[in-house]
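Order of the sequence lines sets the chain letters (A, B, ...), proteins ahead of strands, with each chain counted from 1. Just so it is clear, the model here is predicted, and its values are computed rather than measured.
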There are 2 protein chains.
Amino acid sequence: MDLVILTLRSSRLYVLLIERGIEPFQGALALPGGFLSHEKEDLVAAAHRELAEEAGLGPDQLHLEQLGFYGAPDRDPRGRVVSAAYLAIAPRLPEPVAGTDASGACWIPVTQALAGDAQLAFDHEQILSDGVDRAREKLERSALATAFCGPTFTIAELQDVYEAVWGMRLDPRNFYRKVQSVEGFIVPAGPTRKTEGGRPARLFRPGPRATLHPPMIRPRGQADKETA
Amino acid sequence: MDLVILTLRSSRLYVLLIERGIEPFQGALALPGGFLSHEKEDLVAAAHRELAEEAGLGPDQLHLEQLGFYGAPDRDPRGRVVSAAYLAIAPRLPEPVAGTDASGACWIPVTQALAGDAQLAFDHEQILSDGVDRAREKLERSALATAFCGPTFTIAELQDVYEAVWGMRLDPRNFYRKVQSVEGFIVPAGPTRKTEGGRPARLFRPGPRATLHPPMIRPRGQADKETA
DNA sequence: ATAACTTCCTGTCACTGTGACAGTAAGCCT
DNA sequence: AGGCTTACTGTCACAGTGACAGGAAGTTAT
């Protein structure tokens with residue numbers, strides 16, 4: 001079982017990778033994962049267990065969904081290993097990795113992990129790519145973006161999520177209009193305010209609606225955020 | 001491994017089901033499937049093999065994609081069985097099931113299979129429901145609908161696909177405008193014509209474009225086709 | 001042949017939602 | 001008080017859709 005754990009750090013999309021301590025691919029970076037422990041363990045429960053062990057993440061305030069299964073006969077030199085991949089979205093975390101048992105766990109920018117120069121073990125580059133694609137698509141027509149944020153957030157923070165995952169800049173004014181027009185996407189969280197430099201921003205919570213209608217539109221063929 | 005094989009028959013969406021000959025769930029309807037035969041067989045190859053055995057469908061002119069894995073500990077009374085589910089879309093077929101080795105294979109309307117009165121084996125009702133949902137979503141932003149048709153088709157036939165899968169009626173004039181405006185979705189297939197009652201219709205082939213921009217819009221909260 | 005009928009295809013108009021802008025409001029700092 | 005930063009509100013043109021009517025091209029009936 002492999003896990004694609006995504007989060008946001010300083011306006012960039014990061015993935016949790018682990019340096020392998022054993023062969024094959026010793027020393028290379030790989031997605032966290034493992035095998036099923038008990039005979040009667042649920043797959044989702046196993047994913048949550050791995051998530052707690054490797055990243056110290058509890059099952060609350062965390063999005064977890066099936067990504068796919070990867071079963072090419074030659075993906076593992078030891079023989080046929082069919083792996084179930086899960087996609088997890090974690091909110092912003094204060095510290096990279098807290099007390100875990102994994103040796104070399106670290107957050108790596110997705111752009112860097114997929115650049116090609118960082119060789120990932122097995123077919124993990126493909127799995128990571130599929131996971132990021134899934135996240136990009138789900139931002140369009142679901143409220144998944146709120147999973148990247150804490151319990152409350154500002155609209156600017158939410159926009160930051162979209163820009164980091166999609167890798168492009170968005171117009172703040174149109175973004176405000178859009179997220180406010182979709183009823184039930186985000187709801188005001190009291191008159192509370194948080195500040196950081198300029199005028200205080202209103203806080204919001206995730207709303208009851210899970211699907212966005214009409215969907216968020218991802219501009220096509222636009223310049224990458226990195227080049228801006 | 002389980003297969004959700006969908007097709008269109010007389011403007012309705014059908015799924016291929018098989019009456020189980022052995023316990024557990026003997027006599028109940030189930031999705032076709034099987035276990036991996038050779039140690040080094042690819043998963044997709046295994047799906048194609050099952051597809052040929054159970055439904056007589058070759059790998060050409062057939063859409064096949066991963067659907068998900070189902071691993072609840074109690075899904076099979078014999079113990080933990082993790083199953084990989086595939087979604088297959090087959091074009092209109094002249095006869096239900098040709099010379100296959102499966103005993104009681106038959107096409108069943110999806111509405112009937114999901115009605116609840118037809119108890120499916122294991123968690124196959126859930127898998128089928130997920131497969132139909134996947135197909136519904138992919139019709140919105142991909143050219144998957146052409147997989148339900150033969151090598152050439154009319155626009156009315158394509159609309160039939162959308163109406164059957166979505167379970168709702170669409171306006172033919174707006175549908176014409178929409179599919180023609182998306183460049184590369186469908187391309188004219190010669191000046192050929194086919195007829196059936198009224199004015200002959202132009203024939204089209206699937207175009208090079210796999211994704212639809214802007215996407216096909218599924219009307220929300222509309223009356224079901226069956227009630228019209 | 002002509003009319004009726006079927007199905008295929010083309011237009012038109014109002015409205016929703018977006019892209020692309022400028023401008024105001026509300027806090028901090030000097 | 002002025003300047004700076006960030007948060008928020010409006011306005012206009014345009015693309016795309018929903019909801020209609022009407023013409024085009026065949027078959028069948030009279």
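A:Asp123 contributes no side-chain N or O that, together with a main-chain N or O of A:Gln126, makes up a donor-acceptor pair within less than 3.5 Å. A donor-acceptor pair under 3.5 Å links the side-chain atoms of B:Ser181 to the main chain of B:Lys178, judged by distance alone. Of the possible donor and acceptor atoms, none in the side chain of B:His63 sits under 3.5 Å from a partner among the backbone N and O of B:Ala88. With hydrogens and angles ignored, the 3.5 Å screen pairs a side-chain donor or acceptor of A:Ser142 with a backbone N or O of A:Lys138. Remark: side-chain polar atoms of B:Thr7 are paired, donor with acceptor, to backbone N or O of B:Pro91 under 3.5 angstrom. Formation of a donor-acceptor pair under 3.5 Å by the B:Arg136 side chain with backbone atoms of B:Val165 is found in this model.
With respect to A:Arg218 and A:Glu137, no salt bridge is recorded, no charged nitrogen being found less than 4.0 Å from a carboxylate O.
Note: CG (A:Asp171) to C1' (D:dC8) measures 13 Å, nearest angstrom. Rounded to an integer number of Å, the gap from A:Leu170 CG to C:dC21 P is 15 Å. A:Phe175 has its CZ atom 17 Å from the C1' atom of D:dT9, to the nearest Å. Rounded to whole Å, atom P of C:dC9 lies 4 Å from atom OH of B:Tyr176. Rounded to an integer number of Å, the gap from B:Arg202 CZ to C:dT7 P is 18 Å. Atom pair B:Met168:CE and D:dG18:P shows a separation of 11 Å (rounding to whole Å applied).
Interface remark: the A:Arg173 side chain does form a donor-acceptor pair with the C:dA22 base, using a distance-only criterion of under 3.5 Å.
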B/S/- contact track for nucleotides 23-30 of chain D, protein heavy atom under 4.0 Å: BBBSS---

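For the contact set between residues 142-151 of chain A and DNA chain D, defined by any heavy atom under 4.0 Å, there are no members.
Here A:Phe185 pairs with nothing under the ring pair (Phe, Tyr, Trp, His ring centres under 6.0 Å) rule; sequence neighbours left out. Listed by chain and number, the residues in a ring pair (Phe, Tyr, Trp, His ring centres under 6.0 Å) with B:Phe69 are A:Tyr86 (sequence neighbours excluded). Partners of B:Phe175 under the ring pair (Phe, Tyr, Trp, His ring centres under 6.0 Å) rule, at least two apart in sequence or in another chain, are B:Tyr162.
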Residue pair A:Asp130, A:Tyr70: steps toward the side-chain hydrogen bond (donor to acceptor under 3.5 Å, both in side chains) verdict: CA-CA 11 Å; A:Asp130 290 349; A:Tyr70 293 81; 2.6 Å; yes

Any N/O pairs under 3.5 Å between the protein and nucleotides 16-19 of chain C? List them or say none.
from   : atom 1 : to       : atom 2 : distance (Å)
C:dT18 : OP1    : A:Lys178 : NZ     : 2.6
C:dG19 : N7     : A:Arg177 : NH2    : 3.0
C:dG19 : O6     : A:Arg177 : NH1    : 3.1

